[in-house]
Trainee: 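Have a look at this one before I ask anything.
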Amino acid sequence: MTTTTVKKALVLGGSRGIGAAIVRRLAKEGMHVTFTYAASREPARALAEEVGGEAIQVDSGDCAAVSSMIDRLDALDVLVVNAGILGAGDPLVMDPNEIDRLFRININTPYHAAVAAARIMSEGGRIIFIGSTNADRTPMAGLAAYGASKAALKGMAKGLARDFGDRGITVNVVQPGPTDTDMNPGDGELKDLMHSFMAIKRHAKGSEVAAMVAWLIGIEAAMVTGAALTIDGGFSA
Ligand code: NDP
């Protein structure tokens, strides 16, 4: 930001997991936080009440609906695109429609949402995509589409950083490794395999990922743009 006061943040996919941790952290930083969700109506309602924010049901699989929702906001300082789906499996048998939906949620909507947000964003705004360490290292089978979608965010951030840089808007990717959420429970059956790839052998907490997001929106990160910041306990080291 050009000032230390940030007013309005939008988190796509904020009802659970890493997104909910980001919502809480941004609210703690003094922002008014609007967030979207797809299915978790009650957790979203409770979180909105907890942080004094607003929850809106919009499916990130519907790019046009997300863009329209952003168009209806009057102003924005921070956009965090967290909503993402995993979709792991044998590419020879996976439903191509499901792969296309993954690409819509993980690639198309982040792009269109970032562009819509930039239209209404104040000078010095912040756009952050939640990517994955799997953009850089995919040591297990079945993650080609997911890894590709997260790698796409890196190219997107680099390009949009140049497109919006003249307004001081930064565009970055935060790349978590295994993080304890419904998508990847810290006590799940793959935990030992995942930890074997890591230097620090535990799942991260959502709040640890949220802390990196909080740093990126601060004044000290004004010159960090087009970057991918990895927080993966050494998974990709
Ligand atoms: P969860 O599945 O635990 O939570 C996903 C959140 O995104 C929920 O709030 C969910 O809403 C929302 N969401 C999912 N699909 C949609 C959709 N179509 N439209 C709107 N909102 C949607 O995931 P995580 O918290 O684990 O992951 C968050 C992000 O971090 C993802 O982009 C993921 O790829 C990435 N990531 C996660 C890692 C991990 O180990 N957990 C590692 C690396 C990256 P609802 O509650 O309504 O379903």
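Just so you know, these numbers come straight off a predicted model, no measurement behind them. In this chain, numbering begins with 1 at the start of the sequence shown. Atoms considered below: every heavy atom in the structure, side chains included; atoms not considered: hydrogens, waters and symmetry mates. First listed ligand is number 1; within each ligand, the first listed atom is number 1.
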Trainee: Measure the shortest side-chain to side-chain distance between Leu216 and Val213 over non-hydrogen atoms and say whether it is less than 4.5 angstrom.
Mentor: no
Trainee: With respect to Ala39, determine whether any N or O atom, backbone or side chain, lies less than 3.5 Å from an N or O atom of ligand 1.
Mentor: yes
Trainee: For ligand 1, which atoms have a heavy atom of Asn82 less than 4.0 angstrom away?
Mentor: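 Atoms satisfying the 4.0 Å criterion: 28 (C), 29 (C), 30 (O), 31 (C), 32 (O).
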Trainee: Examine Ile217 and Ile127 and state if one hydrophobic cluster contains both, with Ile, Leu, Val, Met, Phe, Trp and Tyr joined whenever side-chain heavy atoms are less than 4.5 Å apart.
Mentor: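 They do not share one cluster, since no chain of ILVMFWY contacts under 4.5 Å joins Ile217 to Ile127.
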Trainee: Which protein non-hydrogen atom lies closest to atom 18 (N) of ligand 1, naming both residue and atom, and how far is it?
Mentor: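 Residue, atom and distance for the closest contact: Asp59 OD1, 2.9 Å.
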Trainee: Contact between ligand 1 and Tyr146 is defined here as a heavy atom of the residue under 4.0 Å from a ligand atom; is it met?
Mentor: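 Heavy atoms of Tyr146 do come under 4.0 Å of ligand 1.
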Trainee: Show me which atoms of ligand 1 lie under 4.0 Å from any heavy atom of Gly17.
Mentor: 25 (O)
Trainee: Could you tell me if Asp232 and Gln175 have a donor-acceptor pair between their side chains, going purely by distance under 3.5 Å?
Mentor: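 No, Asp232 and Gln175 have no side-chain donor paired with an acceptor closer than 3.5 Å.
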Trainee: Hydrogens and angles aside, do Ser236 and Asp136 bring a side-chain donor and acceptor to less than 3.5 Å of each other?
Mentor: no
Trainee: Does only the side chain of Pro178 get under 4.0 Å from ligand 1, or the backbone, or both, or neither? Count heavy atoms.
Mentor: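 For Pro178, only backbone atoms sit under 4.0 Å from ligand 1.
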Trainee: Taking all atoms of both residues into account, what is the closest heavy-atom pair of Gly226 and Asn172, and its distance?
Mentor: N-OD1, 3.3 Å
Trainee: Check contact between Gly177 and ligand 1, using heavy atoms of the residue and a distance below 4.0 angstrom.
Mentor: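 Flag set, Gly177 near ligand 1.
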Trainee: What residue and atom, counting heavy atoms only, is the protein's closest point to atom 20 (C) of ligand 1, and at what distance?
Mentor: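 Residue, atom and distance for the closest contact: Val58 O, 3.3 Å.
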Trainee: Closer than 4.0 angstrom: is that true for some heavy atom of Arg41 and an atom of ligand 1?
Mentor: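 For ligand 1, residue contact (heavy atoms, under 4.0 Å) with Arg41 is absent.
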Trainee: Does ligand 1 have a heavy atom under 4.0 Å from the side chain of Lys150, from its backbone, from both, or from neither?
Mentor: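 Lys150 to ligand 1: side-chain contact only, backbone stays beyond 4.0 Å.
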Trainee: Which atoms from ligand 1 have a heavy atom of Ser40 less than 4.0 Å away?
Mentor: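 Per the distance check, 45 (P), 46 (O), 47 (O), 48 (O).
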Trainee: Are Arg126 and Asp77 side-chain neighbours, meaning at least one heavy-atom pair lies under 4.5 Å?
Mentor: no
Trainee: Compare all side-chain heavy atoms of Thr34 with those of Val11 and state whether any distance is below 4.5 angstrom.
Mentor: no
Trainee: If you count the atoms of ligand 1 from 1 in the order shown, which ones are under 4.0 Å from a heavy atom of Ile18?
Mentor: 25 (O), 30 (O), 37 (C)
Trainee: Could you identify the single nearest non-hydrogen protein atom to atom 43 (C) of ligand 1 and state the distance to 0.1 Å?
Mentor: Pro176 O, 3.2 Å
Trainee: For atom 48 (O) of ligand 1, what's the nearest protein heavy-atom neighbour? Residue, atom name and distance, please.
Mentor: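 Of the protein heavy atoms, Arg16 NH2, 2.9 Å lies nearest.
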Trainee: Indicate yes or no: at least one non-hydrogen side-chain atom of Met69 is less than 4.5 angstrom from one of Thr36.
Mentor: yes
Trainee: Check contact between Ala204 and ligand 1, using heavy atoms of the residue and a distance below 4.0 angstrom.
Mentor: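 Contact check Ala204 vs ligand 1: negative.
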Trainee: Report, in ascending order of atom number, the atoms of ligand 1 lying under 4.0 Å from any heavy atom of Asp182.
Mentor: 3 (O)
Trainee: Quick one: look up the protein heavy atom nearest atom 26 (O) of ligand 1 and list residue, atom name and how far away it is.
Mentor: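 The protein heavy atom lying closest is Thr181 OG1, 2.5 Å.
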Trainee: What is the closest protein heavy atom to atom 40 (O) of ligand 1, and at what distance does it sit?
Mentor: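 Going atom by atom, the protein heavy atom closest to atom 40 (O) of ligand 1 ends up being Thr179 N, 2.8 Å.
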Trainee: If the cut-off is 4.0 Å to any non-hydrogen atom of Asn184, which atoms of ligand 1 fall inside it?
Mentor: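 Heavy-atom distances to Asn184 below 4.0 Å select 39 (C), 40 (O), 41 (N).
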Trainee: Does any part of the side chain of Phe164, heavy atoms only, come nearer than 4.5 Å to the side chain of Val171, both counted from C-beta?
Mentor: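 They are in side-chain contact.
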Trainee: Which bit of Leu12 gets closer than 4.0 Å to ligand 1, counting heavy atoms only: side chain, backbone, both or neither?
Mentor: neither
Trainee: Is a salt bridge present between Arg202 and Asp180, judged by a nitrogen-to-oxygen distance below 4.0 Å?
Mentor: no
Trainee: With side chain to side chain contact (heavy atoms under 4.5 Å, CB included) as the test, would you mind laying out the steps for Lys150 and Asn106 before giving the verdict?
Mentor: CA-CA 7 Å; Lys150 295 304 188 177; Asn106 290 12; 4.3 Å; yes
Trainee: Does ligand 1 come near enough to Ala38 that some N or O of the ligand is less than 3.5 Å from an N or O of the residue?
Mentor: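 Min N/O separation from ligand 1 is below 3.5 Å for Ala38.
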Trainee: So Met183 and Ile18, do their side chains get closer than 4.5 Å, heavy atoms only?
Mentor: no
Trainee: Would you mind checking if Arg101 and Glu98 are paired as a salt bridge, meaning a charged N to carboxylate O distance below 4.0 Å?
Mentor: no
Trainee: Measuring from the heavy atoms of Arg101, does anything fall under 4.0 Å of ligand 1?
Mentor: yes
Trainee: Check whether any heavy atom of Asn106 sits under 4.0 Å from an atom of ligand 1.
Mentor: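 It does not; every heavy atom stays at 4.0 Å or beyond.
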Trainee: Ion pair present between Glu54 and Lys8, side-chain N to carboxylate O less than 4.0 angstrom?
Mentor: no
Trainee: Give me the residue, atom name and distance of the protein heavy atom closest to atom 27 (O) of ligand 1.
Mentor: Met183 CE, 3.9 Å
Trainee: May I ask you to list the atoms of ligand 1 that are less than 4.0 angstrom from any heavy atom of Ile105?
Mentor: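 Those qualifying, in numeric order: 18 (N).
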Trainee: Measuring only between side-chain heavy atoms, which start at C-beta, is Met194 closer than 4.5 Å to Met140?
Mentor: yes
Trainee: Answer whether the closest heavy-atom distance between the side chains of Ile99 and Phe103 falls below 4.5 Å.
Mentor: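 Of all side-chain heavy-atom pairs linking Phe103 with Ile99, at least one is under 4.5 Å.
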Trainee: Going by the order shown, which atoms of ligand 1 are within less than 4.0 Å of some heavy atom of Ser15?
Mentor: 8 (C), 9 (O), 10 (C), 11 (O), 45 (P), 46 (O), 47 (O)
Trainee: For atom 15 (N) of ligand 1, what is the nearest protein heavy atom, given as residue, atom name and distance?
Mentor: Ile85 CG2, 3.9 Å
